[in-house]
A.B. asks: 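Attaching a single structure in structure tokens format; questions to follow.
We use all heavy atoms of the structure for the numbers below, so side chains are in, but hydrogens, waters and symmetry mates are not.
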Amino acid sequence: MNVPQISTLFLDIGGVLLTNGWDRTARQQAAEHFQLDHADLEERHHLTYDTYEAGKLSLAEYLRRVVFYQQRPFSMDTFKEFMLSRSQSFPETIQLIQAIKKKYRIMTVAVNNEGREINDYRIRTFQLNETIDTFVSSCYVHYRKPDLDIYRIALDIAQAQPEAVAYIDDRALFIEVAGSLGIHGILHTDVATTRGRLAELGLKI
């Protein structure tokens, strides 16, 4: 088997380098902590969150639709602080990517769905710009995975051919869609498996 020459890594952030920014578990925790109607929170979230991730709403606008459409006994700032505090890092995965980047001098590109304020906070707090060269985040480019255009934009920015890209994500659908362009997908389930798949593509650590 011919091992492709990988020059670029596309990386999801939530579920790979960090926990998800504002997922089902975090919303359940918020509903319990702030004594919110969880079913109502979920319905309002699903009706508007895609728009926030696409960079067409601010976090304040999202929260006014989802939580602060009525008077609350807590402030928006307090709720935002709770949201942001849900993020944690996966140090082993970050260290793996940093080692690959250093050894092979390859370009690293985040291709992730995230709202701007949460994305900016996570980049800053976890110093992701030390691991990732450029961020093709949905809030910046106004396309969300699995839209093919976000992958096309990432390829253009990286100036990379699809066959020279390895893409790590924890969502099978996103891997499949990127694969339709010829990008080599790695479905992330744990660090050991991802390390093995990278080695199969010629990136051995």
A.B. asks: Kindly state whether the ring of Tyr167 and the ring of His184 have centres lying under 6.0 angstrom apart.
C.D. replies: no
A.B. asks: Going through the checks in order, is the side-chain hydrogen bond (donor to acceptor under 3.5 Å, both in side chains) test met by Thr48 and Thr51?
C.D. replies: CA-CA 6 Å; Thr48 197; Thr51 309; 4.8 Å; no
A.B. asks: What distance do Ile94 atom CD1 and Lys101 atom NZ have between them, rounded to the nearest 0.5 Å?
C.D. replies: 13.5 Å
A.B. asks: Is a side-chain donor-acceptor pair under 3.5 Å present for Thr131 with Gln98?
C.D. replies: yes
A.B. asks: I'd like to know if the side chain of Thr8 reaches the main chain of Met107, judged simply by a donor and an acceptor atom lying under 3.5 Å from each other, with no hydrogens or angles considered.
C.D. replies: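 Here the side-chain-to-backbone pair does not exist.
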A.B. asks: Please confirm whether Phe79 and Phe34 have ring centers closer than 6.0 angstrom.
C.D. replies: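 Ring-ring flag for Phe79/Phe34: true, centres closer than 6.0 Å.
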A.B. asks: Under the 3.5 angstrom rule, does the side chain of His188 hit a backbone N or O of Ile168 as a donor-acceptor pair?
C.D. replies: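 No, His188 side chain to Ile168 backbone: no donor-acceptor pair under 3.5 Å.
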A.B. asks: Given 3.5 Å as the limit, does a donor-acceptor pair link the side chain of Asp133 with the main chain of Thr108, or not?
C.D. replies: yes
A.B. asks: For Tyr62 and Phe68, I'd like to know if the aromatic rings sit close, meaning centre-to-centre distance below 6.0 Å.
C.D. replies: no
A.B. asks: Let me see the working for Tyr143 and Tyr151 under side-chain hydrogen bond (donor to acceptor under 3.5 Å, both in side chains), right down to the final yes or no.
C.D. replies: CA-CA 9 Å; Tyr143 290 100; Tyr151 300 108; over 6 Å; no
A.B. asks: Is it true that a side-chain atom of Asp169 and a backbone atom of Asp12 form a donor plus acceptor pair closer than 3.5 Å?
C.D. replies: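 Pair absent, no side-chain N/O of Asp169 close to backbone of Asp12.
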A.B. asks: When you measure from the side chain of Thr194 to the backbone of Asp190, do you find a donor-acceptor pair of N or O atoms at a distance under 3.5 Å?
C.D. replies: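 Checking the backbone N and O of Asp190 against the side chain of Thr194, a donor-acceptor pair under 3.5 Å is found.
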A.B. asks: Salt bridge check: are Arg44 and Asp40 linked by an N-O gap of less than 4.0 Å?
C.D. replies: yes
A.B. asks: Any side-chain to backbone donor/acceptor pair from Arg116 onto Tyr140? Under 3.5 Å, distance only.
C.D. replies: no
A.B. asks: Should the pair Asp149-Arg152 be classified as a salt bridge under the 4.0 Å nitrogen-to-oxygen rule?
C.D. replies: yes
A.B. asks: Of all heavy-atom pairs between Arg122 and Thr19, which one has the smallest distance, and what is that distance?
C.D. replies: NH2-O, 2.8 Å
A.B. asks: Would a distance-only check, ignoring hydrogens and angles, find a side-chain to backbone donor-acceptor pair under 3.5 Å from Glu61 to Ser58?
C.D. replies: yes
A.B. asks: For the residue pair Tyr121 and Phe126, categorise the inter-ring angle as parallel (less than 30°), tilted (30 to 60°) or perpendicular (more than 60°).
C.D. replies: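 Perpendicular: the ring planes of Tyr121 and Phe126 meet at over 60°.
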A.B. asks: Walk me through whether His38 and Arg27 qualify under side-chain hydrogen bond (donor to acceptor under 3.5 Å, both in side chains).
C.D. replies: CA-CA 8 Å; His38 181 246; Arg27 295 192 300 276; over 6 Å; no
A.B. asks: Okay, side chain of Thr93, backbone of Val191: is any donor-acceptor separation there less than 3.5 Å?
C.D. replies: no
